[in-house]
Amino acid sequence: MSSKIEKSDAEWRSALAPEAYQVLRHEGTERAGTSALNHEHRKGTFVCAGCGTPLFTSDMKFESGTGWPSFFQTLPEVFEKRRDFRLIWPRTEYHCATCGGHHGHVFEDGPAPTGLRYCNNGVALKFVPDEG
């Protein structure tokens, strides 16, 4: 695992697009159906838009019908999780273990083999296609 990245709020604001800054640094949520990554089907790796840490492979992605890029598992030890009580029911949110950026929430309604759905904000990701 990478060492932690720490920046001031001003440094994050200048390094990120406004939408990515709101999601990654202030736990915002992009509108459903707005991410081009919903339709990304090439082989490759989804990395953190804040720090470039590899988070998911394209083989982990599935179509959830929710309007956000969804994955049934992650690469090992890339996220830290915590309970989120901002809505009526508690949810589990996850943040990049390297830069602390908020990515989304994990739910237990995904496909086999894990049964999990990592519901990720597209602006919190960048896609790196496999060479070939």
Side-chain angles (χ1 to χ4, degrees):
M1 189 161 85
S2 306
S3 52
K4 298 248 184 209
I5 295 173
E6 294 189 28
K7 296 181 181 182
S8 70
D9 188 65
E11 290 172 312
W12 283 118
R13 185 183 297 273
S14 68
L16 298 169
E19 300 84 7
Y21 169 77
Q22 186 60 31
V23 169
L24 287 164
R25 307 318 308 169
H26 293 283
E27 300 177 349
T29 302
E30 69 186 349
R31 275 192 7 247
T34 60
S35 176
L37 295 181
N38 285 330
H39 309 291
E40 181 57 69
H41 301 294
R42 295 175 291 170
K43 293 287 185 189
T45 304
F46 295 85
V47 303
C48 179
C51 66
T53 296
L55 304 173
F56 307 99
T57 67
S58 55
D59 293 332
M60 299 168 178
K61 187 174 186 281
F62 72 99
E63 178 52 55
S64 66
T66 62
W68 288 280
S70 297
F71 305 86
F72 62 84
Q73 75 183 59
T74 74
L75 292 170
E77 300 179 17
V78 295
F79 289 118
E80 295 173 346
K81 297 177 185 173
R82 68 178 180 231
R83 297 300 276 171
D84 168 5
F85 294 96
R86 284 183 291 250
L87 293 181
I88 296 170
W89 65 93
R91 302 176 296 170
T92 302
E93 65 183 14
Y94 56 98
H95 294 251
C96 176
T98 304
C99 71
H102 170 77
H103 278 264
H105 292 83
V106 61
F107 302 95
E108 295 181 353
D109 61 1
T114 65
L116 299 176
R117 173 174 53 97
Y118 286 84
C119 189
N120 214 99
N121 287 282
V123 297
L125 296 170
K126 290 185 180 176
F127 180 71
V128 180
D130 285 351
E131 295 181 15

Novice: Whether the Thr92 and Arg82 side chains hold a donor-acceptor pair (N or O, under 3.5 Å, no angle test) is what I'd like checked.
Specialist: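 Thr92 vs Arg82: no donor-acceptor pair found between side chains.
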Novice: Backbone N or O of Cys99 within a donor-acceptor pair of the Lys7 side chain at under 3.5 Å?
Specialist: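 Flag not set: sc Lys7 to bb Cys99 has no pair under 3.5 Å.
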Novice: So does Trp68 get a backbone contact from the side chain of Ser35, meaning a donor-acceptor N/O pair under 3.5 Å?
Specialist: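 Pair absent, no side-chain N/O of Ser35 close to backbone of Trp68.
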Novice: Thr45 and Pro54: which non-hydrogen atoms are nearest, and at how many Å?
Specialist: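 Minimum heavy-atom separation between Thr45 and Pro54: CG2-CB, 3.8 Å.
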Novice: Provide the closest heavy-atom pair for Thr34 versus Asn38 in the form atom of the first, atom of the second, distance.
Specialist: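 Closest approach of Thr34 to Asn38: N-ND2, 4.3 Å.
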Novice: Between Arg42 and Glu40, does at least one N-O distance fall below 4.0 Å, as a salt bridge requires?
Specialist: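 Yes, this pair counts.
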Novice: Indicate if Trp12 and Val23 have the same hydrophobic cluster label, given that clusters are the connected sets of ILVMFWY residues with side-chain heavy-atom separations under 4.5 angstrom.
Specialist: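 Cluster IDs for Trp12 and Val23 differ.
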Novice: Using 4.0 Å as the upper bound for N to carboxylate O, is an ion pair formed by Glu27 and Arg91?
Specialist: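 Not counted as a salt bridge, because no side-chain N and carboxylate O are separated by less than 4.0 Å.
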Novice: Would you please test Thr66 and Cys119 for side-chain contact (heavy atoms from CB on, under 4.5 Å) and show each step?
Specialist: CA-CA 8 Å; Thr66 62; Cys119 189; 4.1 Å; yes
Novice: Around atom CD of Glu108, are there more than 12 heavy atoms from other residues, nucleotides or ligands closer than 6.0 Å?
Specialist: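 Result for CD/Glu108: open.
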Novice: Can you give me the closest heavy-atom contact between Arg83 and Pro90, atom names plus distance?
Specialist: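 That closest heavy-atom pairing would be NH2-CB, 3.3 Å.
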Novice: Does any non-hydrogen side-chain atom of Glu19 lie less than 4.5 Å from one of Glu30?
Specialist: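 A side-chain contact under 4.5 Å is absent here.
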Novice: Walk me through whether Asn121 and His102 qualify under side-chain contact (heavy atoms from CB on, under 4.5 Å).
Specialist: CA-CA 9 Å; Asn121 287 282; His102 170 77; 4.1 Å; yes
Novice: In this structure, would Ile5 and Val47 fall into the same cluster of hydrophobic residues linked by side-chain contacts under 4.5 Å?
Specialist: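 Per the 4.5 Å side-chain linkage, Ile5 and Val47 are not co-clustered.
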Novice: Hey, what do you get for CD (Gln73) to CZ (Phe56), rounding to the nearest 0.5 Å?
Specialist: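 Here the interatomic distance stands at 10.0 Å.
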Novice: Looking only at heavy atoms, which two atoms of Gly50 and Leu16 are closest? And how far apart?
Specialist: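 Looks like CA-CD2, 3.9 Å.
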Novice: Measure the acute angle between the ring planes of Phe46 and Phe127, then classify it against the limits of 30° and 60° as parallel, tilted or perpendicular.
Specialist: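 Tilted, since the angle between the ring planes falls between 30° and 60°.
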Novice: Could you tell me which non-hydrogen atom of Leu24 sits nearest to which non-hydrogen atom of Ala124, and how far apart they are?
Specialist: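 Closest approach of Leu24 to Ala124, heavy atoms only: CD2-CB, 3.7 Å.
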